[in-house]
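Note that the structure is a prediction, hence the values are computed from the model and not measured. In the text below, chain A, chain B and the rest are named by the order of the sequence lines, each starting its count at 1.
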Amino acid sequence: MKNYDHKKIEQKWQKEWDKKKLYRVEDSIKGKENFYTLVEFTYPSGNLHVGHWYAFAVPDIYARYKRMQGYNVLYPMGFDAFGLPAENAAIKLGADPKEWTYKQMDKMRTQLGSMGAMFDWEREIVSCDPEYYKWTQWMFNKFLEKDLVYRDVTSVNWCPNDKTVLANEQVVDGACERCGAQVEQRNQEQWMLRITKYADRLIDDLDKLAWPEEIKSAQRNWIGRSEGSEIEFKVKGIDEKIKVFTTRADTLFGVTYVVLAPEHESVESLELQVENKKEVEQYITNTKKKSELDRQQSKEKTGVELKGVKAINPSNGEEIPVWVADYVLAGYGTGAVMAVPAHDERDFEFAKKFDLKIKYVNRPNVFSTSRINSPGNSGIYESPSKKLDEIIEFCTEPLCDDDAVLVNSDLYNNLSCVEARQKITKAVGGRVVKTYRLRDWGISRQRYWGTPIPIVYDPEGKAHPVPDEYLPWLLPTDVDHTPDGTSPLARSKELLKRTEKIFGKGWKPEVETMDTFVDSSWYFYRYLDAKNSEEFASKKSREAWMPINLYMGGAEHTTMHLLYSRFWVKAMHHLGLVNEDEAYTVRRNRGLILGPDGNKMSKSKNNVVDPDEIVERLGADTVRMYLAFMGPYGVTVNYPWDPNGVVGVRRFLERVWKLKEKIGKGNATTLLHKVTKKITEDMAEYKFNTAIAQMMILINEWDKVDEILEDEYKILLQILSPFAPHMTEELWINLGEKESIHLSEWPKWDERKVIDEFLKIVVQVNGKVRAEIMVTPNTEEEEVKTLALKDKAVIPWIEGKEVKRVIYVKGRLVSIVL
RNA sequence: GCCGGAGUGGCGGAAUUGGUAUACGCGCGCGACUCAAAAUCGCGUCUCGCAAGGGAUGAGAGUUCAAGUCUCUCCUCCGGCACCA
């Protein structure tokens with residue numbers, strides 16, 4: 001073939017590899033170590049976009065590199081096939097969600113095939129396949145047995161017009177995205193998973209994972225463990241107590257009011273005492289119109305005082321007002337806070353707005369490891385009451401660290417802030433508690449297209465699991481998808497009949513389906529044994545592949561999917577179902593590919609890049625390689641697609657193609673060894689961009705000579721093969737090789753040829769580069785320094801001045817300090 | 001608002017992890033080939049300056065012989081915030 005005809009080559013090899021089952025993966029190969037590379041399986045949207053290429057084709061480069069290094073590499077693909085879009089298609093177009101989904105998958109399978117990735121399609125999984133969700137249901141039952149599942153009430157967005165629950169993203173400015181009706185907050189009972197039971201382990205076990213610190217940190221913050229105190233405030237005149245949660249019990253003396261979340265139960269039980277009932281009711285009604293996010297985002301604090309109600313500060317017996325405000329969330333802590341406006345910014349804003357008392361706590365003599373901030377001069381200053389002087393004397397510094405040590409207090413010498421908080425908590429009869437921002441996971445959805453929750457209700461309404469022998473508990477098909485406020489499954493006669501037939505008259509099926517995050521919490525196990533009808537995955541296959549060596553995915557999954565699946569594995573581990581309690585040894589987040597204009601690709605912005613068109617025009621090898629060339633992989637940086645840039649990569653491949661004509665006698669090049677080494681190292685860190693740059697440097701050198709050696713050219717092809725698997729295979733076989741280039745071994749380099757004969761040492765005078773000197777790698781430090789000081793270009797800069805110091809950085813520079 | 005991340009030429013980025021800032025690619029300019037154009041190839045391309053030399057990594061400070069890299073303050077952009085996946 002004279003010219004590089006990507007179309008012919010790519011089709012030919014994709015067919016050939018398929019025929020030869022080149023990418024079939026066995027659970028074990030003698031003498032080879034297994035390596036499990038995972039990428040997040042995809043929702044079958046029906047059209048592969050550039051983002052999919054970035055997510056799947058670039059990790060394929062890495063998987064191929066590992067395979068050439070002698071690993072038995074698993075790089076599987078599947079479909080996260082349950083979800084809203086299929087249901088919306090059913091509502092809008094009258095489509096059958098199942099048919100619709102499978103059609104999309106067929107289309108995507110073809111498109112995925114055009115990548116030339118090493119997916120083993122025999123291991124493909126589809127989460128909406130009954131053979132898959134059977135195991136999702138089976139695990140649900142196991143969790144239920146172990147009390148990891150329970151029923152509870154949570155608040156959801158409700159559109160009264162469409163009669164459906166809305167995702168936060170479907171609520172725009174408090175209105176339903178579809179019909180514009182005012183969205184309400186509504187309480188709904190649902191099935192919950194006790195993820196909070198694992199909160200401590202989910203935080204603590206992060207320490208043993210080789211994950212980037214920013215991901216760990218995001219997870220820690222999401223879980224939001226804080227150690228604090230629960231302290232009771234009595235309500236004056238009646239037998240009612242308000243329990244508040246605070247992390248700063250040491251500021252108790254500075255409390256000037258108490259705030260309840262609008263949903264707090266005391267709001268109701270204090271009804272008789274409240275003098276401004278109407279006003280309070282109005283406020284609560286208004287709150288229901290706001291989503292939680294709105295409540296946290298709003299800069300303007302709102303609230304209403306419960307007039308006629310006074311709480312009593314347990315530290316000094318002071319009577320303080322009680323407020324209701326929506327900046328306090330019902331789901332966190334106890335849903336009530338003690339406000340210390342002098343030492344908390346939000347409380348301060350609130351106090352200022354409603355003209356509440358601000359009271360500074362007496363400053364202690366503390367030794368803090370951080371800088372000490374003065375509370376400032378504004379506001380009212382009051383001395384602490386005599387009664388609790390000794391308790392509040394310590395640790396009232398608002399910004400002191402948890403590990404600050406109090407040194408100057410006679411009574412509490414060497415007491416840390418944390419200890420001080422414990423002491424004061426006890427003194428007022430409170431208790432020290434741990435609390436989490438993380439909430440239990442509500443998995444119920446009033447949707448059709450999801451895994452049916454395998455529960456049935458007896459005539460008394462008591463819930464029972466569907467026994468394992470009846471799994472998969474099939475999704476019925478006789479369903480009307482029009483939203484009418486009930487779950488679509490409630491309208492299935494087949495489901496009801498089935499339930500009655502198995503369990504008896506009067507029994508009713510659960511009509512909810514599961515959150516799709518459940519499906520994706522364990523999918524990586526199913527790849528290992530995708531066709532097993534006896535187990536979710538055999539012990540043998542799990543032991544062969546788990547834990548996953550590398551999990552590449554989107555940064556948007558950092559807190560939710562990644563935490564849900566970590567919880568899932570931990571729960572499975574405790575049930576004795578799997579060996580490991582963490583599934584992902586290494587996790588890397590990737591960024592996004594933006595449109596050429598630097599914006600997120602979207603139809604409305606008219607900046608969508610169609611990969612199919614570019615593959616047709618320039619080839620899959622070019623697209624794969626360009627995506628790898630844009631920037632380092634595995635960091636959350638977004639790169640805009642540059643239509644010119646992709647042509648540059650195509651040019652590179654054409655130059656490599658043409659180089660075959662230069663094969664001849666030539667001279668061996670030491671550059672090849674350097675390049676091979678650098679590329680091998682870069683690939684290990686997912687720096688595919690600089691690896692490619694090295695190949696470009698190499699062929700720039702080869703362009704300058706008349707002939708190159710065949711063996712050296714072949715090494716280039718091997719290094720290039722993970723990036724451009726089709727073209728390199730064609731060239732490799734044409735050079736007479738019998739076996740696929742992808743079965744060949746990653747090239748080695750000669751370390752002796754990597755070392756330079758001479759080193760260029762930079763000479764700086766007072767930090768400015770003034771000269772360069774050449775030395776051999778084993779020139780002694782003293783000699784290099786002497787050479788630097790004597791250098792012609794250096795002398796004018798140091799003449800007549802005193803040389804104070806001379807610093808030598810081996811192999812790099814000499815720094816002369818005057 | 002809270003949490004996480006990123007700011008380096010006209011553009012994507014590189015920088016041996018504290019040691020010559022701008023590798024490689026794109027774009028642009030000039031030239032070769034051509035009747036011409038495309039493609040291809042060669043040379044040039046941070047900035048001020050004739051030069052010697054000076055300045056520049058979002059802004060400002062600090063540590064250091066030496067800072068894109070470390071510390072602090074601020075600005076801008078991106079991702080997530082629990083029923084999109």
Side-chain angles (χ1 to χ4, degrees), chain A residues 40-43 45 80 82-85 154 156-157 164-171 188 190 212 214-215 217-222 224 292-299 327 331 346 371 437-447 515-517 519-520 554-561 563-564 589 591-592 594 596 598 600 626 629-632 635-649 651-652 654-655 658 678 681 687 689-690 692-697 700 703 760-769 772 804-807 809 811-818:
Chain A
E40 286 148 5
F41 65 165
T42 179
Y43 182 80
S45 59
D80 188 9
F82 273 134
L84 264 186
T154 61
V156 295
N157 302 313
T164 181
V165 178
L166 299 175
N168 278 336
E169 71 154 20
Q170 294 172 298
V171 182
Q188 187 146 0
Q190 58 170 330
E214 65 262 23
I215 302 181
S217 163
Q219 291 212 346
R220 279 190 200 105
N221 288 324
W222 181 266
E292 201 172 287
L293 199 58
D294 287 337
R295 284 168 61 172
Q296 287 172 67
Q297 267 167 354
S298 64
K299 281 175 192 146
Y327 78 93
R346 281 169 311 176
R371 120 197 104 86
R437 205 190 71 97
L438 180 75
R439 305 196 292 249
D440 274 337
W441 177 13
I443 61 157
S444 291
R445 300 290 181 267
Q446 277 70 47
R447 311 271 189 217
D515 179 4
T516 53
F517 273 124
D519 310 326
S520 57
E556 66 275 21
H557 292 300
T558 299
T559 43
M560 301 187 62
H561 160 64
L563 260 184
Y564 288 143
N589 283 351
L592 300 169
L594 308 172
K600 223 171 155 175
Y626 174 59
F629 188 55
M630 295 174 113
V635 291
T636 56
V637 178
N638 304 336
Y639 308 112
W641 178 276
D642 179 358
N644 290 314
V646 70
V647 172
V649 169
R651 266 204 287 263
F652 165 77
E654 278 176 15
R655 285 169 70 196
K658 279 198 195 123
K678 175 85 165 89
E681 287 166 358
K687 292 182 184 168
N689 56 331
T690 49
I692 294 168
Q694 288 300 309
M695 291 186 244
M696 290 172 169
I697 289 170
N700 285 347
D703 269 355
K760 191 170 72 181
I761 304 290
V762 165
V763 185
Q764 292 183 345
V765 179
N766 276 352
K768 294 246 183 282
V769 179
E772 283 172 3
K804 285 190 193 133
R805 274 171 79 188
V806 181
I807 297 152
V809 181
R812 303 232 65 87
L813 59 69
V814 174
S815 181
I816 301 167
V817 187
L818 299 177

Quick check for you: among [options], whose closest atom lies nearest to any side-chain atom of [X]?
| X | options | answer |
| --- | --- | --- |
| A:R805 | B:C65, B:A23, B:G27 | B:C65 |
| A:R447 | B:C83, B:A85, B:A15 | B:C83 |
| A:H557 | B:G12, B:G79, B:A85 | B:A85 |
| A:V817 | B:G79, B:C65, B:C24 | B:C65 |
| A:E556 | B:G27, B:A85, B:A23 | B:A85 |
| A:Q190 | B:A82, B:G79, B:C83 | B:C83 |

Within the structure shown, what part of the strands sits under 4.0 Å from [X] by heavy-atom distance: base, sugar-phosphate, or nothing?
| X | result |
| --- | --- |
| A:E772 | base |
| A:L813 | base |
| A:Q446 | base |
| A:F629 | base |
| A:P632 | sugar-phosphate |
| A:R220 | nothing |
| A:S444 | base |
| A:F517 | base |

Would one find a side-chain N or O of [X] under 4.0 angstrom from OP1 or OP2 of [N]?
| X | N | result |
| --- | --- | --- |
| A:R445 | B:C83 | yes |
| A:N689 | B:G25 | no |
| A:N700 | B:G25 | yes |
| A:K768 | B:G55 | yes |
| A:R812 | B:U16 | no |
| A:T558 | B:G80 | no |

Name the pairing partner of [N], where a pair is Watson-Crick or G-U wobble with both distances under 3.5 Å, or state none.
| N | result |
| --- | --- |
| B:G9 | none |
| B:C41 | B:G31 |
| B:C81 | B:G1 |
| B:C65 | B:G19 |
| B:C46 | B:G55 |

Enumerate all atom pairs, one protein N or O and one N or O from nucleotides 2-6 of chain B, separated by less than 3.5 Å.
| from | atom 1 | to | atom 2 | distance (Å) |
| --- | --- | --- | --- | --- |
| B:C3 | O3' | A:N221 | ND2 | 2.5 |
| B:C3 | O2' | A:N221 | ND2 | 3.3 |
| B:G4 | OP1 | A:N221 | ND2 | 3.1 |
| B:G5 | O2' | A:T636 | OG1 | 3.1 |

Pick the P atom in B:A37 and in B:A32, then give their distance to the nearest Å.
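These two P atoms come out 11 Å apart once rounded.
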Could you measure between the two P atoms, the one in B:U47 and the one in B:G9, and give it in whole Å?
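Looking at atom P only, B:U47 and B:G9 are 12 Å apart.
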On a plain distance test, is the side chain of A:K687 in donor-acceptor contact with the base of B:U17 below 3.5 Å?
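Yes.
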Once ring-ring contact (aromatic ring centres under 6.0 Å, His included) is applied, do any residues pair with A:Y327, and if so which ones, sequence neighbours excluded?
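With neighbours one apart ignored, the set is A:F350.
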Partner residues of A:Y43 under the ring-ring contact (aromatic ring centres under 6.0 Å, His included) criterion, sequence neighbours left out
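With sequence neighbours excluded, A:Y43 shows a ring-ring contact (aromatic ring centres under 6.0 Å, His included) to no residue whatsoever.
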Can you name the salt bridge (Lys or Arg N to Asp or Glu O under 4.0 Å) partners of [X], sequence neighbours left out?
| X | result |
| --- | --- |
| A:E214 | none |
| A:R445 | A:D515 |
| A:R655 | A:D703 |

Which residue lies toward the 5' end of RNA chain B, A:I816 or A:L438, if each is placed at its nearest nucleotide?
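Here A:I816 is the residue nearer the 5' end.
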Assuming nearest nucleotide by heavy-atom distance, tell me which of A:D515 and A:Y639 is located more 5' along RNA chain B.
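Going by which nucleotide is closer to the 5' end, it is A:Y639.
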